[in-house]
Amino acid sequence: MNRTTIGGPELGGGRGAGSVVVLSDPAAGAGSGAVAPLVADALFPSVHLRAEDFRRAVRQGYVAADRPEARRQNLTALAATAQAAFAFASGGYQVVVEGSVAPTALDAFRRESRATGAALHYVVLNGGTAGGTAAGADGAPQAGGPAAGAAEATADTVLAGLRRGAYLLGW
């Protein structure tokens, strides 16, 4: 049985591709660290990647991500994250990327989505949203974080939104 559907329409972009779900946590404590593994566990086959792991892979010359001189490092790490995510998606995996990925930083993910044909979903966790979805100031759909309820409830909200295509981005 092909379970890439999580009980709804296929998340992938067709051509046997999986999909990439960027689960962004712009506010500390919104809960992507707790929610992302739950979302990945509900998808099959699935992969969970942490964007921070790609940034921390730099051993010599690492610059703290919040420093202005870290721009090139951050962009390179984000591009590597996107390439890895879409490599898995091209193999049919549903990929959940956990990290602080601002809407303005989605270009690397959009490029890979276009190149591979795999779908791209973008979810912003918002600790102040009471378990439902809402449109953020930037127009991106948001899902409530664990501060507003249990990680499981937030993961369920995210999965329901994925089934509806609420977080699907165009190219």
Side-chain angles (χ1 to χ4, degrees), residues 18-41 43 46-91 93-116 118-131 133-155 157-158 161-162 167-169 171:
S19 67
V20 172
V21 178
V22 176
L23 194 60
S24 186
D25 187 352
S32 69
V35 175
L38 295 172
V39 172
D41 287 347
L43 305 173
S46 67
V47 171
H48 172 213
L49 299 176
R50 292 174 19 130
E52 180 63 18
D53 291 342
F54 286 83
R55 200 172 12 259
R56 292 285 180 176
V58 176
R59 302 306 299 167
Q60 297 295 322
Y62 177 81
V63 179
D66 60 343
R67 307 220 14 165
E69 57 270 24
R71 185 179 191 303
R72 183 180 67 123
Q73 168 192 280
N74 294 343
L75 290 173
T76 301
L78 197 60
T81 304
Q83 290 168 2
F86 281 95
F88 277 112
S90 293
Y93 289 89
Q94 309 304 311
V95 182
V96 178
V97 176
E98 165 194 341
S100 295
V101 181
T104 56
L106 285 173
D107 287 344
F109 288 90
R110 287 182 192 266
R111 275 192 303 276
E112 295 298 323
S113 178
R114 274 193 300 275
T116 63
L120 172 60
H121 305 266
Y122 181 63
V123 183
V124 178
L125 292 182
N126 177 356
T129 304
T133 58
D138 56 12
Q142 297 180 343
E152 292 83 5
T154 301
T157 299
V158 170
L162 289 170
Y167 310 116
L168 185 63
L169 295 181
W171 293 327

Side chain of [X], backbone of [Y]: donor and acceptor closer than 3.5 Å?
{"X": "S19", "Y": "L120", "answer": "no"}
{"X": "Y167", "Y": "V158", "answer": "no"}
{"X": "S100", "Y": "D25", "answer": "yes"}
{"X": "T157", "Y": "A153", "answer": "yes"}

Might you point out which heavy atoms bring [X] and [Y] nearest each other, and give the distance in Å?
{"X": "F86", "Y": "F109", "result": "CE1-O, 3.4 Å"}
{"X": "A84", "Y": "F54", "result": "CB-CZ, 3.7 Å"}
{"X": "P37", "Y": "S32", "result": "CD-O, 4.0 Å"}
{"X": "A40", "Y": "S46", "result": "O-OG, 2.6 Å"}
{"X": "G18", "Y": "A118", "result": "O-CB, 3.5 Å"}
{"X": "A89", "Y": "V95", "result": "N-CG2, 3.8 Å"}

Task: Set of residues satisfying salt bridge (charged side-chain N to carboxylate O under 4.0 Å, His left out) with respect to R56, sequence neighbours excluded - done: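 In terms of salt bridge (charged side-chain N to carboxylate O under 4.0 Å, His left out), with neighbours along the sequence ignored, R56 is linked to E52.
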- [ ] Using salt bridge (charged side-chain N to carboxylate O under 4.0 Å, His left out) as the criterion, list what pairs up with E152, not counting sequence neighbours.
- [x]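 So E152 forms no salt bridge (charged side-chain N to carboxylate O under 4.0 Å, His left out) with any residue.
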Task: T116 side, atom OG1; R111 side, atom CZ - distance, nearest 0.5 Å - done: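 The OG1 atom of T116 sits 12.5 Å away from the CZ atom of R111.
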Task: All side-chain contact (heavy atoms from CB on, under 4.5 Å) counterparts of A36, not counting sequence neighbours - done: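 So A36 forms a side-chain contact (heavy atoms from CB on, under 4.5 Å) with L23, H48, V96, E98.
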Open item on the list: Checking D107 now: which residues fulfil side-chain hydrogen bond (donor to acceptor under 3.5 Å, both in side chains) with it, not counting sequence neighbours?
Closed with: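 Scan of D107 (side-chain hydrogen bond (donor to acceptor under 3.5 Å, both in side chains), adjacent residues dropped) gives none.
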Task: All ring pair (Phe, Tyr, Trp, His ring centres under 6.0 Å) counterparts of F88, not counting sequence neighbours - done: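 Listed in chain order: Y93.
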Task: All pairs passing side-chain hydrogen bond (donor to acceptor under 3.5 Å, both in side chains) where residues 69-86 contributes a residue, at least two apart - done: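 Passing the test, one end in residues 69-86: R67-E69.
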